[in-house]
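Right, one structure below, let's go through it.
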Amino acid sequence: MAANPHAEHLAELLEDLNEPQREAVTHGEGPLLILAGAGSGKTRVLAHRIAFLIYTDQAQAGEILAITFTNKAASEMRERVERLLGHATRGMWLMTFHSACARILRAEAARLGYTRQFTIYDQADARRLAKRSADACGVDPKRYTPAAVLNQISAAKNKLIDVDDYRAQAASPFEEMIGEVYDVYQRDLVRMNAMDFDDLLFRTVNLLELFEEARERYRETFRHVLVDEYQDTNHAQYRLLQLLAGGGAPPQRGRDGGAGPAYSGPVGHRNLAVVGDDAQSIYGFRGADIENILRFQDDFPDARVVKLEQNYRSTETILSAANAVIANNRGQIGKKLWSELGQGDQIQVRALQDEHAEARYVVGEIQRLVDEGASRAEIAVLYRTNAMSRVIEDNLVRSEIGYQVIGGTKFYERAEIKDAIAYLTLLANPYDVVSFTRVANSPRRGIGATTLARVTAHATAMDVSVWEAAASPSRVPGLGSAAVKALGRFMATMAELRAITGAPALGGEGDLDLEDQVAQPEPDAGGEDAGPAGSVPIAELLEAVLAQSGYIEALEAERSIEAQGRIENLEQLVEVGREFDAGEGEDTLERFLQEIALVADADSRTDDAGLVTLMTLHNAKGLEYPTVFITGLEDGVFPHSRAIDEGGLEEERRLFYVGVTRAMRKLYLTHARRRAVFGAQSYGMPSRFLTEIPGDLLDEGSDGGWRPGAGFTPSLAGRSETVWNGGGQVKASRGEGTGTTSFRLGEDVVHAAFGDGVVTAVEPDGVIVVRFAGDGSERKLMAEYAPVTRR
DNA sequence: ATCCTGATTTTTTTT
DNA sequence: AAATCAGGAT
């Protein structure tokens, strides 16, 4: 028998790999670049490589850091590796950049002036904060929306430009203005012991640059670093990898003060394996820098480069189309994808009159395919923007075809869920002003905006946490006696809840008026943290929060269907907590909050259910389906008009390339002559990407395509609906008689997309509010236009 | 402090 | 078509 006790496994591991795949898997130490075309088995190669490293004793599980793009991809990877290794992957760091950074920062928070309970703000929180900062700087919100301002700040952070650098190099009044807001915004974050998504990366880079000890420790810990989707890394992520694995280009700017110890000490181990495809770089808008992959060989001149060009997914027709389209981009790394799967079917291209006709065509085809024996789970419908899912949903519901939508509105964005999370966040992080203001008056307790502003201003002025400021309301200047009382009661329950977490008590007690109490030792200031702030089951804590805060009570008092729906959502959240409690690892509150902050909706995708999948093209990255529909192929929609204006055409083309290459056997491309955008009709030419596909690969339908006035008649089983009325005024007729458009409170209704619901409010101008039974969501609808009918 | 109403804006894409 | 926001009324 061979010396290696795993010899048998090893042979098996390499068995079904093609030559370049095997080369990538068995590559030893040193930098490795895997250029993996779409469908060339890159996930497989990564998983096999991890298993190989372990079987050949080049690494222990705990010495591997494998970065994926989504949590979903991480758990899929974990499963695959477990299957290969035949045992658990305990200790292996297999997660997203953001999760890995959050985990490192928890451990090292004190060094950066944070506590380990720091809050992670999602985009919505960050935007709210950016708005506040912009207001404080006197920025005209009409001229510069908070989102635009935040984008600028985010872009700077992704490039590792801190406030001082930014202000120093500001070259226009606009940039000076942004610099000012950036300054305020960042100070607020620090004061609140909070980080936004970008900070997670930026702060980790700071940590590793400033503290040699930490840098060396993590370098030693992660002997092998593997990165998936490398083409979508931004500069901060790039820098992080350099710091962890060493090598790479020299730092771009020394950080003042610290005299930049960045590159003293041993050069890293340089065991960095990255996998990517420059043709699939689609996240430039959020700072991804395609140059990272294009320049990998400059950074590591001795890097082994492996190209995976055999595609195991798609027919030759589909690949030819993809190759032809992407050839219109400049500066690609040469790759020629090929497949042994045969020509296959032609690509179906259809022109429809409007988005309704398009949706009917798509759903009609789905119906036909399913009748012919296809599984719904084999079909995906892709679109450029989330808003485009609505019409397709309508039609799927009418045809009674089960589907799932990935992305769009998320569970964790619902108000009641955000409220509940904010309570927990405030319990963990007493500095969190955003959570405090969110929670203080919900349910209503008579703590209004003015009171909140006074409390937070006082906290800032006295340099104490909001918690402390609020806990001694009588010391806040300008508060009326009613406000003092309300705050006192609120903070008393918060203190009780905090006691449940096991964390030490904080701040002033009720109405003690001792002046020197402010000087009392502050447990959260420095390194030592709130002690064993864990060990309470999250589900229990959450139930206590919801009960003692009066949140549930207030909802029950409403006695409305929508309140009932909210309560059910909250019960679901408690269930999430219960699952977390049952999982492995210490169940600390911080860890729970971190996990929740970093989950994406794409993570909730299921494969096995008999459901058609609807999602944006971005969300489709990394997935494959036997049948794929790409809708909305009009100039202005896809490519998106904003991308056309801002020179993002190549990225749009790569996005189209990603979409096309998701398809295994059948590909449908549709465009509408006319489409409602913001409720107004707009007319669009067929997408330029369509014309980039060689004609012989396309089947444009027996009809020869769209002709003015004629209209395409989809092969719909049931009735055919007339949509085009020739005059330009368009209104989709619904199958069921709508009857009158007036609804009454409490009436049972059916919505084409959302199913059964009940009218919970009737507003002026024909707006009704409906709470839907399906998901408990509540929506405002235009009674006259929305596809709702009385049940 | 809270509710109501009308105006404005939203749609790129997401960790 | 629908969500968010600001300003004004109660």
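- Between Asn619(A) and the phosphate of dT13(B), there is no side-chain N or O to OP1/OP2 separation shorter than 4.0 Å.
- Residues from residues 124-132 of chain A lying near DNA chain B, meaning a heavy-atom separation below 4.0 Å, are absent.
- Using a 4.0 Å heavy-atom cutoff across all strands shown, Ser99(A) reaches no nucleic acid atom at all.
- Mapping Gly448(A) and Arg642(A) onto DNA chain B by nearest heavy atom places Gly448(A) closer to the 5' end of the strand.
- Rounded to a whole Å, the CD atom of Glu595(A) is 15 Å from the C1' atom of dT15(B).
- Listed for the Thr631(A) side chain is a donor-acceptor partner under 3.5 Å among the backbone atoms of Leu382(A).
- Atom C1' of nucleotide dT14(B) and atom CD of Glu413(A) are separated by 11 Å, given to the nearest angstrom.
- The nearest whole Å value for the distance from the NE2 atom in His640(A) to the P atom in dT10(B) is 12 Å.
- The aromatic ring of Phe285(A) sits over the base of dT13(B), with ring centres less than 5.5 Å apart and planes tilted by under 30°.
- Among the heavy atoms of the strands lying under 4.0 Å from Tyr283(A) are primed sugar atoms or P, OP1, OP2 only; no base atom is included.
- Cation-pi check for Arg203(A) over Tyr114(A) is not met; the charged atom does not lie both under 6.0 angstrom from the ring centroid and within 45 degrees of its normal.
- The CG-C1' distance, from Asn151(A) to dT11(B), rounds to 14 Å in whole Å.
- Residues passing the ring-ring contact (aromatic ring centres under 6.0 Å, His included) test with His618(A), sequence neighbours excluded: Tyr283(A), Phe285(A).
- Across the interface with DNA chain B, nearest-nucleotide mapping of Thr450(A) and Thr616(A) shows Thr450(A) to be the residue nearer the 5′ end.
- Distance, Asn386(A) CG to dA3(C) P: 14 Å, rounded to whole Å.
- In this structure, of dT15(B), dT11(B), dT14(B), it is dT15(B) that holds the atom nearest to the side chain of Phe197(A).
- For dA1(B), one of the phosphate oxygens OP1 or OP2 lies less than 4.0 angstrom from a side-chain nitrogen or oxygen of Thr451(A).
- Not a single donor-acceptor pair under 3.5 Å links the side chain of Glu595(A) to the backbone N or O of Phe592(A).
- Regarding contacts with the backbone of dA1(B), every side-chain N or O of Arg445(A) stays at 4.0 angstrom or more from both OP1 and OP2.
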List the atom pairs, donor and acceptor, that lie under 3.5 Å between side-chain atoms in residues 476-490 of chain A and the rest of the protein, sequence neighbours left out.
none

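- Judged by distance alone, the side chains of Tyr551(A) and Asp419(A) do bring a donor and an acceptor atom under 3.5 Å apart.
- Distances from the side chain of Asn441(A) to the nucleotides dT13(B), dT2(B), dT14(B) place dT2(B) closest.
- Look at OH on Tyr412(A): it is 14 Å from P on dT15(B), rounded to the nearest Å.
- Between the P atom of dT10(B) and the CZ atom of Arg390(A) lies a distance of 19 Å, rounded to the nearest Å.
- Nucleic acid contact class of Glu651(A) (heavy atoms, under 4.0 Å, all strands): none.
- Among the atoms of the strands shown, none is found under 4.0 Å from any heavy atom of Asp122(A).
- In this structure, Phe678(A) forms an aromatic stack with the base of dT10(B), since both conditions hold: centre separation below 5.5 Å and plane angle below 30°.
- At a threshold of 4.0 angstrom between heavy atoms, the contacts of Phe69(A) are confined to the sugar-phosphate backbone, with no base atom among them.
- Considering Arg653(A), Glu651(A), Glu650(A), Arg688(A) as possible partners of Pro639(A), the one that fulfils the side-chain contact (heavy atoms from CB on, under 4.5 Å) test is Arg688(A).
- For Thr145(A), counting side-chain heavy atoms from C-beta on, the closest listed nucleotide (dT10(B), dT15(B), dT13(B)) is dT10(B).
- Side-chain atoms of Thr425(A) come within 3.5 Å of backbone atoms of Ile421(A) as a donor-acceptor pair (strictly under, hydrogens ignored).
- Atom-to-atom, CG of Leu623(A) to C1' of dT14(B) comes out at 15 Å; the value is rounded to the nearest Å.
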